[in-house]
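Quick notes on the structure that follows.
Along the sequence shown, residues carry numbers from 1.
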Amino acid sequence: MVRFYWLTGLALAVVLTVSGCGRKSTAETMQMAMEAAENGNWVEAMKYAGVVTERDPGDSAAWALKTIAAERAGQPRVALENARRGAELCPDSYAVQYTYGRLLAAQPGREADAQACLRRAFNLNRNDGKSLALALQCAARLNRPEARAYYDILEHLDPAMAAMPEIQSSVGIYSLLSGDLHGGLTRLIEAFKAAPDNPTVVLNLARALDVYIREPNKATPYYQKYLELASRNPEVSGTRTEVEARVRELTRRNR
């Protein structure tokens, strides 16, 4: 799945607000969080951003940084909870809504929630296609007709992003679900040729061969390749567990 971190040089477009609480002002504490993030000290960044959110629960930049810091520190559950709380407290923040939607999109079975959150993010910033691209991928997996509408908007808004292998792979899944087996599989294969080391592209092709084309033996090598690619990515731990179970099942069948 396309994953765009809302960190550009770890700047987060932070708007700092000054508070006189504690030894350090809120602005100084946020600056410490940013410096820790820039140095890759994610636990420290999470701690300082947490101080800011305690002082000012409506600070959207602090919630976004706190979430991403937890994610980068290898604490996906903490990151998801931070994102959820931030989204509740900062409903008008594109960065917070997008970050929560991105994390939800990586959770098996949470596609509908992710799509709703990502749509809110897009409505807050209609010039940015990242949220729309992820919403498209979620809608495609759910076989929702808005997947095609999202793709049409994205193609007009950002043709380069619409042409990305992950997006074409998602459109391929939607085509399969809509009954176009040949067209869908063709898109998936072309996406794989363009990005053979992209976990989402590989997984989409594996699932297509397994579930829609009904050739699980052909799917197994792609499932295994996905597991190899995903082994270093804590973001997809839930999906990895699901795929591992499917590979074990297919292996037992072939004994």
Side-chain angles (χ1 to χ4, degrees), residues 1-107 110 113-135 230-238:
M1 178 168 291
V2 177
R3 295 180 180 88
F4 304 92
Y5 292 91
W6 190 246
L7 280 172
T8 303
L10 299 173
L12 277 174
V14 177
V15 177
L16 299 176
T17 57
V18 176
S19 168
C21 300
R23 288 183 61 188
K24 299 288 185 181
S25 71
T26 301
E28 290 171 326
T29 304
M30 189 61 182
Q31 183 61 37
M32 291 167 68
M34 293 301 302
E35 290 174 357
E38 288 171 356
N39 292 322
N41 298 326
W42 298 109
V43 174
E44 288 289 296
M46 183 168 51
K47 180 182 74 174
Y48 291 130
V51 172
V52 177
T53 59
E54 287 176 7
R55 294 177 182 175
D56 181 5
D59 190 318
S60 60
W63 279 112
L65 178 54
K66 185 178 176 181
T67 297
I68 293 170
E71 185 181 16
R72 296 290 185 88
Q75 301 181 35
R77 291 183 181 178
V78 174
L80 189 62
E81 177 60 16
N82 288 344
R84 183 192 66 78
R85 293 180 61 201
E88 288 179 353
L89 293 166
C90 307
D92 296 326
S93 167
Y94 167 81
V96 172
Q97 295 298 322
Y98 170 75
T99 301
Y100 186 36
R102 176 177 63 78
L103 293 181
L104 284 173
Q107 304 297 311
R110 300 296 302 274
D113 294 333
Q115 184 185 341
C117 196
L118 291 163
R119 183 66 202 224
R120 284 197 297 274
F122 178 67
N123 287 335
L124 290 165
N125 182 1
R126 299 184 69 88
N127 292 319
D128 188 278
K130 295 188 294 291
S131 54
L132 193 63
L134 279 177
S231 63
R232 298 177 298 276
N233 188 350
E235 235 186 289
V236 296
S237 57

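- Here CG of Leu134 is found 11.0 Å from CD of Gln115. Values are rounded to the nearest 0.5 Å.
- Residue Tyr100 forms a side-chain contact (heavy atoms from CB on, under 4.5 Å) with just one option from Leu118, Asn82, Leu80, and that option is Leu80.
- Looking at every heavy atom in both residues, Cys117 comes nearest to Gly101 through SG-N, 3.6 Å.
- Atom CD in Glu71 sits 4.0 Å away from atom CZ in Arg102 (nearest 0.5 Å).
- In this structure, Ala79 and Leu103 approach most closely via the heavy-atom pair O-CD1, 3.7 Å.
- Residue Ala37 comes nearest to Ala45 through the heavy atom pair N-CB, 3.8 Å, listed as atom of the first residue, atom of the second, then distance.
- To the nearest 0.5 Å, the span separating CG on Leu124 from OH on Tyr98 amounts to 14.0 Å.
- Contact record, Lys66 with Thr53: NZ-OG1, 3.4 Å, taken as the closest heavy-atom pair.
- Using a distance-only test at 3.5 Å, with no hydrogens or angles considered, a donor-acceptor pair links the side chain of Trp63 to the main chain of Pro57.
- By the 4.0 Å N-to-carboxylate-O rule, Arg84 lies close enough to Glu81 to be salt-bridged with it.
- Contact record, Val78 with Ala70: CG1-CB, 3.9 Å, taken as the closest heavy-atom pair.
- Gln97 meets the side chain to side chain donor-acceptor pair (under 3.5 Å) test with Arg120; sequence neighbours excluded.
- Taking all atoms of both residues into account, the shortest heavy-atom contact from Ser60 to Ser93 is CB-OG, 3.4 Å.
- A distance of 11.0 Å separates CZ in Arg85 from SG in Cys90, rounded to the nearest 0.5 Å.
- Shown here are the salt bridge (charged side-chain N to carboxylate O under 4.0 Å, His left out) partners of Arg110, two or more places apart in sequence or in another chain: Asp113.
- Considering only residues two or more places apart in sequence or on other chains, Glu35 meets the salt bridge (charged side-chain N to carboxylate O under 4.0 Å, His left out) condition with none of them.
- Here the CG atom belonging to Asp59 is positioned 12.5 Å from the CD atom belonging to Glu54, to the nearest 0.5 angstrom.
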Decide yes or no on side-chain contact (heavy atoms from CB on, under 4.5 Å) for Met32 and Val51, but give the supporting numbers first. CA-CA 11 Å; Met32 291 167 68; Val51 172; over 6 Å; no
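- Atoms OH and OG1, from Tyr94 and Thr99 in turn, are 8.5 Å apart once rounded to the nearest 0.5 Å.
- Between the Asn41 side chain and the Glu44 main chain, no donor and acceptor come within less than 3.5 Å of each other.
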